[in-house]
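Note on naming: letters A, B, ... go to the chains in the order of the sequence lines (proteins, then strands), and numbering restarts at 1 for each one.
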2 protein chains.
Amino acid sequence: MPPRPQLKPRKRPSQARSKATVEAILVAAAQVFQRHGYVGATTDRIAERAGVSVGSLYQYFPNKDAILVALTERHINAGFALVRELLAEALNEAPPLERLLRQFVVAMIALHEQEPELHRVLFEEAPLPPSVRRQLRKRENEFATEVCAFLRAHPEARRHDAKATAYVVVHTVDALVHNFILHPPEGLGSDALTEEIVRMLLGHLTTNEAS
Amino acid sequence: MPPRPQLKPRKRPSQARSKATVEAILVAAAQVFQRHGYVGATTDRIAERAGVSVGSLYQYFPNKDAILVALTERHINAGFALVRELLAEALNEAPPLERLLRQFVVAMIALHEQEPELHRVLFEEAPLPPSVRRQLRKRENEFATEVCAFLRAHPEARRHDAKATAYVVVHTVDALVHNFILHPPEGLGSDALTEEIVRMLLGHLTTNEAS
DNA sequence: GCGCAATATGAGGAATGCCTCATATTTAGA
DNA sequence: TCTAAATATGAGGCATTCCTCATATTGCGC
């Protein structure tokens, strides 16, 4: 267990051919991580699945964890993009808070429902390096800040400690949905959960309090 | 990556000497997992730290994961016991719901604050076998059921879908506290978080609704 | 077409960690 | 005290995986 080596690619692909190779490796990695878990996902297996040689793989990724990281970052980016998109759509209509919240929860569920097993491996099983976890938290905070700004602006929202509220709102939805999709409890459907979350958050956001 | 082998000990310690050995191994394992992470925690290292030979270790644990599992189960049991204890104490006084909620959140924070790094390794990094994850979920559900029963009984609580509510309450607290302790955000203290959670849940629990 | 750079190959080196087993020591009980 | 069972030891076998490197192939610019 020597100090964790670098995570950046040693060569940047320039020709179309090599770009395709990198893409194939990432796609294959997603499949292999999904099917075999973090430990079972060997570089040999990923290369084989990608239809390239191990040597090629190591041209673009200095080690196994670099693949994990690249994959995770891509996954995170796609996730935020999707949620933002769905939210932006909803925001165009200047909707009531309840509708917006429901939209948010639904978007998060949709997000977690695609490739849930990959999601589980990446975020629950794999030893994501601290740098990546930090980055993820940073993105979450940015997102919470947006939510925060929105909350101040929305006519229905009444709370004072917008920072704490935004933190709680964003993380509550994320955590509950994450748990629900990845470890579905018996006797509780996603509709019921959505309703419950929406009611709770709506109440929380619209209750005025002399702090 | 052959099929995951058995997790049960091959020999049960009978004499006091061997009980001490097993105990030493578990204590050492906790320290080593904490300091080196799941991958860095080699059986050799654990044995060394425990002051016993690898051979002895393998007398009582068939493989590395068996140690992880034993440790996790112990951790889980201690956790539930602690929270139950703190809650039972609070319940003796037939307190108002708000007080009880606050007690719950405080207990969960206390729980997560002891050995947070071990907690992180066990639940975020280590590949816990599905059986253990299932067991954990089962315990959580049992706990949620208790909460559920209590909710029905408490005079201040007004909600109808007690099952969904219990699920949301328990998992919200757990997830938020877990995240907060293990990945502390800047500019948000534990008091503010506690307040925020308590207000949110209290509002949720005391709001009556024609479902 | 030519030559050079980019890319691809895959057998095998090197390192590591899990776990065994033949042997030694300790304890319990008669 | 003596014996058998319980417990402890730790060097090293075995398997596995990561990654390299010498070589081959492909594509780009001229």
Side-chain angles (χ1 to χ4, degrees), chain A residues 1-26 28-29 32-33 35-71 126-127 129, chain B residues 1-26 28-29 32-33 35-71 126-127 129:
Chain A
M1 182 103 317
R4 188 185 281 273
Q6 60 174 23
L7 295 173
K8 299 291 174 184
R10 62 190 53 182
K11 268 181 190 167
R12 224 146 244 290
S14 67
Q15 302 181 359
R17 182 165 46 132
S18 51
K19 289 207 173 104
T21 298
V22 170
E23 181 63 26
I25 290 172
L26 284 176
V32 174
F33 275 119
R35 235 192 285 292
H36 299 274
Y38 174 75
V39 190
T42 68
T43 49
D44 287 8
R45 223 184 315 231
I46 294 174
E48 186 191 2
R49 174 108 203 159
V52 305
S53 69
V54 235
S56 290
L57 187 154
Y58 279 96
Q59 296 263 344
Y60 306 106
F61 300 94
N63 52 51
K64 175 176 165 175
D65 280 349
I67 306 176
L68 172 75
V69 167
L71 197 58
Chain B
M1 181 101 317
R4 186 185 283 273
Q6 60 175 25
L7 295 173
K8 298 292 173 184
R10 62 190 53 181
K11 267 181 193 170
R12 225 149 244 288
S14 67
Q15 302 181 359
R17 182 165 48 132
S18 50
K19 289 209 172 102
T21 298
V22 170
E23 182 63 26
I25 291 171
L26 285 176
V32 174
F33 275 119
R35 236 193 284 291
H36 299 274
Y38 174 75
V39 190
T42 68
T43 50
D44 287 7
R45 229 190 304 236
I46 293 173
E48 187 190 1
R49 173 108 204 158
V52 304
S53 70
V54 234
S56 290
L57 188 154
Y58 279 96
Q59 297 262 342
Y60 305 105
F61 299 95
N63 53 51
K64 173 177 166 174
D65 280 349
I67 306 176
L68 173 75
V69 166
L71 197 58

Restricting to side chain to side chain donor-acceptor pair (under 3.5 Å), what partner residues turn up for R17(A), sequence neighbours left out?
Q15(A)
Selection from dT26(C), dG10(D), dC19(D) that lies nearest to any side-chain heavy atom of V54(B):
dG10(D)
Could you say whether G55(B) or A16(B) is positioned toward the 5' end of DNA chain D, judged by the nucleotide with the nearest heavy atom to each?
A16(B)
Distance check needed: dA22(C) P versus Y58(B) OH, whole Å only.
18 Å
Using whole Å, what does the distance between atom P of nucleotide dC21(D) and atom CG of L57(A) come to?
16 Å
Quick one: is dA8(C) close enough that its OP1 or OP2 comes under 4.0 Å of any side-chain N or O from T21(A)?
yes
R17(A) atom CZ is separated from dT25(D) atom P, nearest whole Å, by 13 Å
Integer-rounded Å distance: dT9(D) C1' and E48(B) CD
14 Å
Among dC19(C), dT20(D), dT7(D), which nucleotide sits nearest the side chain of D44(B)?
dC19(C)
Length of the line joining Q15(A):CD and dA8(C):P, which is rounded to integer Å
8 Å
According to salt bridge (Lys or Arg N to Asp or Glu O under 4.0 Å), who are the partners of E23(A), at least two apart in sequence or on a separate chain?
R74(A)
Geometric cation-pi criterion, K19(A) with Y60(A): 6.0 Å, 45°
no
Looking only at side-chain atoms of N63(B), point me to the closest of dA8(C), dC18(D), dC19(C).
dC19(C)
Indicate yes or no for a side-chain donor-acceptor contact from S53(A) to the backbone of S56(A) under 3.5 Å, with no hydrogens or angles considered.
yes
Can you tell me how far P of dC21(C) sits from CD of Q59(B), to the nearest Å?
12 Å
H36(B) vs R49(B), test: side-chain contact (heavy atoms from CB on, under 4.5 Å). Steps then yes/no.
CA-CA 12 Å; H36(B) 299 274; R49(B) 173 108 204 158; over 6 Å; no
Are Y60(B) and dA8(D) close enough that a side-chain N or O sits under 4.0 Å from OP1 or OP2?
yes
Think S53(B) has a side-chain N or O under 4.0 angstrom from the OP1 or OP2 of dT9(D)?
yes
Using atom NZ of K19(A) as one end and atom C1' of dA8(C) as the other, report the distance to the nearest whole Å.
17 Å
Whole-Å distance separating the NZ atom of K64(B) from the P atom of dA15(D)
20 Å
Between dG17(C), dA8(C), dA8(D), which one does the side chain of T42(B) approach most closely?
dG17(C)
Contact class for S18(A) (heavy atom, under 4.0 Å): base, sugar-phosphate, or nothing?
sugar-phosphate
What's S56(B) touching, base or sugar-phosphate or nothing? Going by heavy atoms closer than 4.0 Å.
base
Considering just the side-chain nitrogens and oxygens of T43(B), establish if one lies under 4.0 Å of OP1 or OP2 belonging to dG17(C).
no
